[in-house]
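A quick write-up on the structure given underneath.
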Amino acid sequence: MGFADQRFNVNLSILFTELPLLERPAAAAATGFTAVELWWPWVDSPTPEQSELDALKKAIEDAGVRLTGLNFYAGQLPGPDRGALSLPGEESERFRANIDVAADFARSLGCTALNALYGNRVEGVDPAEQDALALENLVLAARAADRVGAILLIETLNRSESPRYPLVSAPAGIAIVDKVNEATGLGNAKFLMDLYHLSMNGEDLQQVIAAYADRTGHVQIADNPGRGAPGTGTLPLEELLDQLAKAGYEGFVGLEYKPGDRPSAEAFDWLPAAARAAR
């Protein structure tokens with residue numbers, strides 16, 4: 001086994017960002033990839049004009065790539081925010097306004113995974129209040145995802161880069177997955193296993209895979225330290241992905257790393273060109 005046996009997609013919100021949004025799908029295709037994922041592209045608008053949605057849909061279709069993952073609105077990302085769904089007031093309302101927009105856009109492209117970032121703790125607000133609001137909004141998101149034949153992803157981040165984000169361990173993420181599934185009865189909430197974030201938290205990655213591979217709906221990777229391409233740090237990513245495959249994970253592995261001081265097109269030399277097309 002090895003990298004060549006995985007199903008990769010490229011995250012166009014961290015790679016190819018030197019290009020305008022509408023040029024990124026074709027750039028990914030030009031490097032040999034046939035699957036992409038995105039954070040919510042319109043950070044200032046949970047409900048962009050239909051013309052903007054149509055233009056991105058056309059760019060993806062014209063490039064001949066498949067959209068395999070999409071974030072719901074998450075505030076300023078990249079930036080200071082880590083989601084909106086647990087923030088009382090305007091941001092929570094913006095998340096709710098985005099739910100059907102994101103779900104319908106995903107359905108229009110056959111995308112079957114929607115990621116909902118939990119959001120930071122807010123000073124002066126009871127964490128229990130935020131958690132209750134989060135569950136309400138995640139239930140709405142899970143139902144919308146189910147309506148379009150998609151899963152809902154719950155992601156954990158890392159403490160050092162996201163100190164106010166409450167989900168900073170695999171067990172914390174799994175606990176929210178369980179709460180959403182219990183509340184909806186749909187069973188479509190899944191864990192997003194980001195090996196970079198988990199490693200930054202000092203978790204035993206082999207143990208996490210053994211415990212939660214069967215609850216995982218998507219995997220993302222970057223090396224550590226540095227959040228660069230595989231091989232730029234010390235994580236045994238090839239071996240970890242092999243372990244995931246042996247544990248039964250058959251989904252996509254999202255390439256969510258920084259290209260470094262080079263064009264994104266040059267940041268894939270660790271992966272043979274013949275292995276980049278998703279199978």
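Throughout, residue positions are numbered sequentially from 1 according to the sequence presented. The structure displayed is predicted, hence computed values, not measured ones. These numbers come from the heavy atoms of this one structure, side chains and all, not from hydrogens, waters or symmetry mates.
Between L70 and A102 the shortest heavy-atom distance is CD2-O, 3.7 Å. When all heavy atoms of V180 and A142 are compared, the closest pair comes out as CG1-CB, 3.9 Å.
Exactly one residue among F16, F252, F8, F268 makes a ring pair (Phe, Tyr, Trp, His ring centres under 6.0 Å) with F33. That residue is F268.
Put simply, L67 and L77 are part of the same group of oily side chains (I, L, V, M, F, W, Y) that touch within less than 4.5 Å, one to the next.
A distance of 5.5 Å separates CZ of F191 from CD1 of I174, quoted to the nearest 0.5 Å. Put simply, CG on D194 and CD1 on I221 are 9.5 Å apart, with the number rounded to the nearest 0.5 Å. The line from OG of S86 to CZ of R121 is 6.5 Å long, rounded to the nearest 0.5 Å. Separation of atoms CG (L38) and CD1 (I60) is listed at 5.5 Å; rounding is to 0.5 Å.
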List the atom pairs, with distances to 0.1 Å, where a side-chain N or O of residues 233-241 and a protein N or O form a donor-acceptor pair under 3.5 Å, not counting sequence neighbours.
residue	atom	partner	partner atom	Å
T234	OG1	N224	O	3.1
E238	OE2	F3	N	3.1

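Alongside V122, the hydrophobic cluster contains L87, V125 (criterion: ILVMFWY side chains under 4.5 Å).
Between R94 and D44 no salt bridge is recorded (no basic side-chain N to carboxylate O distance below 4.0 Å). With respect to the salt-bridge test (charged N to carboxylate O, under 4.0 angstrom), the residues E136 and R96 qualify. Under 4.0 Å is where a charged nitrogen must lie from a carboxylate oxygen, and between D178 and R215 at least one such pair does. Taking the charged nitrogens against the carboxylate oxygens, R107 and D104 do have a contact shorter than 4.0 Å, which makes a salt bridge. Remark: R7 does not engage E250 in a salt bridge, criterion side-chain N to carboxylate O under 4.0 Å.
Residues Y196 and Y257 place their aromatic rings such that the two centres sit no closer than 6.0 Å.
Judged purely by distance below 3.5 Å, without hydrogens or angles, the side chains of E155 and Y118 never pair a donor atom with an acceptor atom.
Looking only at side-chain heavy atoms (C-beta outward), Q220 and H218 come within less than 4.5 Å of each other.
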